[in-house]
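Have a look at the structure below before the remarks.
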There are 2 protein chains.
Amino acid sequence: MNKKQIQSGQTRRKIADAARHLFVQKGYKATSIEEITAATGSSKGNLYYHFKSKEGLFLYLLDEWDRDWIAKWREKEHLYTTAAEKMYGFAEQMVREDLNHPLTKAADEFFIGDDKTCEVEDRLAEMVSEHLSFNRTLIQQGIDSGEFRENDIQGLALVLEALVIGLSQVSRRADLTQALQTYRLAIEVFLHGIAARPET
Amino acid sequence: MNKKQIQSGQTRRKIADAARHLFVQKGYKATSIEEITAATGSSKGNLYYHFKSKEGLFLYLLDEWDRDWIAKWREKEHLYTTAAEKMYGFAEQMVREDLNHPLTKAADEFFIGDDKTCEVEDRLAEMVSEHLSFNRTLIQQGIDSGEFRENDIQGLALVLEALVIGLSQVSRRADLTQALQTYRLAIEVFLHGIAARPET
DNA sequence: TAAGATATTGACCGAACGTTCAGTATAGAA
DNA sequence: TTCTATACTGAACGTTCGGTCAATATCTTA
């Protein structure tokens, strides 16, 4: 590995990290290329040397982030025995990994905005379905083990997704402790509800 | 009332309606003044004759929408007897009133964007606390009537808010029937959870 | 060390957007 | 009818932003 290649890789990393941080914090549109380069100390042209476009940079981050997230989850998953524990673990990872998944806020802008490329559109649709599939598996496991009631799994996966998206928005300006507490309470509610006794 | 004053009022209404529709559909930033005027048939200058600025227009819509929402709720509230029914009614109104509250998406951009005026910031903070207060009341009523378990009310209000925000995002591209179904399921889960039996 | 590949710079471009303003049309007052 | 306040128009302005490019610096290789 060259000295040049190493430094080039470091630059790429620095840009990606700064961009991810800003996208999460401010959203996609509200984050300008100039802000990203200002945060890295390098120049605008250099960013365009390493990444094709703003969209390309964002897409790169989406892929990277998703890979990391799944990898971290696979590491921890076997530590949890019950499906309920997995749910709490799931929530905790959501909070600790920068308080939200890129899908949550920044990607949502893409869904609504009308200026999205086909490539981006496809990739996002894919990620959403991956997300829902992840949630379905989580719920299915609980049903199989007898922990959860038989129910509309696809619907529940959507509700869980909604809960997670909403939580990340509500918690964006909260500190880690508060966020963790809210997430845990939310999962508790998701599992047990707030009604005094379940209808049988 | 003059003929002129009437027409002026109608223009104002037409602009406000078109703007609300677009803001809800596309978000705040993604909606341009030009689009709004194109949808009304009147001119850019005319919009600025009736409203101070884009922000001012948005603020006007927030106030108006909030008033309408609360008024409609007060109309229906007495029809529901149990707190659980109120929850479902709450969800239904959320869906029917254009699939979301302006707070949900467009206003969220303000929270994150750094270009907000103090006036807007204050008004939004006020509205959030009103929202949470509304949720608290709803939950408190259920506890008082013995329907809901005693619990961290402020936390639950936040979770409910997160759920509602998330639902509106997840349902934005769904039709009314689907959305209603998802919202109902979500409230069901919020009330009863998904666990096979509650921990006692 | 010379030549060439690679990495970085920052001025610049065109498009989009919010906002302004000089000017026009119209309804009611005199 | 004439005058005036109100309602409305659309070209133009200043700014912001994503993206480009010719020039330059830095490192590798021969």
Side-chain angles (χ1 to χ4, degrees), chain A residues 1-20 22-23 25-61 106 109-110 112-117 119-120, chain B residues 1-20 22-23 25-61 106 109-110 112-117 119-120:
Chain A
M1 190 85 105
N2 273 343
K3 179 177 167 189
K4 212 163 191 184
Q5 285 174 310
I6 289 171
Q7 214 166 32
S8 184
Q10 283 175 342
T11 303
R12 204 180 161 83
R13 263 264 60 76
K14 254 180 25 182
I15 293 173
D17 286 339
R20 188 184 53 208
L22 284 166
F23 281 144
Q25 199 179 33
K26 311 185 54 179
Y28 179 76
K29 266 208 173 171
T31 302
S32 67
I33 297 289
E34 212 123 22
E35 274 177 304
I36 297 171
T37 55
T40 63
S42 79
S43 70
K44 218 195 257 202
N46 200 23
L47 187 147
Y48 279 92
Y49 176 77
H50 288 285
F51 297 96
K52 188 179 129 206
S53 65
K54 193 187 182 187
E55 241 184 46
L57 171 56
F58 185 69
L59 219 48
Y60 173 85
L61 290 175
E109 292 179 40
F110 271 101
I112 287 157
D114 26 18
D115 50 352
K116 52 180 172 260
T117 313
E119 191 193 0
V120 177
Chain B
M1 192 85 102
N2 272 342
K3 180 177 168 189
K4 214 166 189 182
Q5 284 174 311
I6 289 172
Q7 215 167 32
S8 183
Q10 283 175 342
T11 303
R12 202 180 163 83
R13 262 265 57 78
K14 256 186 11 188
I15 294 173
D17 286 340
R20 188 184 52 208
L22 285 166
F23 280 145
Q25 201 181 31
K26 312 185 50 178
Y28 178 77
K29 267 209 171 169
T31 302
S32 68
I33 297 288
E34 211 126 25
E35 275 176 303
I36 296 172
T37 55
T40 61
S42 79
S43 70
K44 233 195 251 202
N46 198 23
L47 188 148
Y48 279 90
Y49 176 76
H50 288 285
F51 297 96
K52 188 179 129 204
S53 64
K54 193 186 182 186
E55 243 183 43
L57 170 57
F58 185 68
L59 220 47
Y60 173 85
L61 290 175
E109 292 178 40
F110 270 103
I112 287 157
D114 27 19
D115 50 352
K116 51 181 174 259
T117 314
E119 189 193 0
V120 177

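As a basis for the values below, the full set of heavy atoms in this structure was taken, side chains included, without hydrogen atoms, waters or symmetry mates. Reminder, nothing fancy here: chain letters follow the sequence lines and each chain counts from 1.
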Nearest whole Å is fine: how far is [N] [atom2] from [X] [atom1]?
X       : N      : atom1 : atom2 : result
A:Glu55 : D:dG19 : CD    : P     : 8 Å
A:Phe23 : D:dG18 : CZ    : C1'   : 11 Å
A:Ile6  : C:dT6  : CD1   : P     : 16 Å
B:Gln10 : C:dA27 : CD    : C1'   : 15 Å
B:Lys54 : D:dT16 : NZ    : P     : 15 Å
B:Glu35 : C:dA16 : CD    : P     : 12 Å
B:Lys29 : C:dG18 : NZ    : P     : 10 Å
A:Ile15 : D:dG19 : CD1   : P     : 14 Å

Next item on the list: Mark yes or no for whether A:Arg20, through its side chain, and A:Leu61, through its backbone, hold a donor-acceptor pair below 3.5 Å.
Entry: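 Checked: no pair found.
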Note to self: Applying a 4.0 Å non-hydrogen cut-off, can you work out what B:Thr31 is touching in the nucleic acid: base, sugar-phosphate, or nothing?
What the structure shows: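 It contacts sugar-phosphate atoms only.
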Check: Taking only N and O in the side chain of B:Tyr48, is any of them less than 4.0 Å away from OP1 or OP2 of C:dT19?
Finding: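 Yes, such a contact exists.
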Next item on the list: Using the side chain to side chain contact (heavy atoms under 4.5 Å, CB included) rule, take A:Lys14 and A:Thr11 through it: C-alpha gap first, then chi angles, then the decisive distance, then the call.
Entry: CA-CA 5 Å; A:Lys14 254 180 25 182; A:Thr11 303; 5.7 Å; no
Looking at [atom1] of [X] and [atom2] of [Y], how far apart are the two atoms once the value is rounded to the nearest 0.5 Å?
X       : Y       : atom1 : atom2 : result
A:His50 : A:Ile15 : NE2   : CD1   : 5.0 Å
B:Ser43 : B:Tyr49 : OG    : OH    : 12.0 Å
A:Arg12 : A:Ser42 : CZ    : OG    : 12.5 Å

Margin query: In the structure I gave you, are the side-chain heavy atoms of B:Lys54 and B:Tyr28 within less than 4.5 Å of one another anywhere?
Written below: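 Yes. Closest side-chain heavy atoms under 4.5 Å.
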Note to self: Base contacts versus sugar-phosphate-only contacts with protein, heavy atoms under 4.0 Å: please encode nucleotides 4-10 of chain D as B, S and - from 5' to 3'.
What the structure shows: -BBBSBB
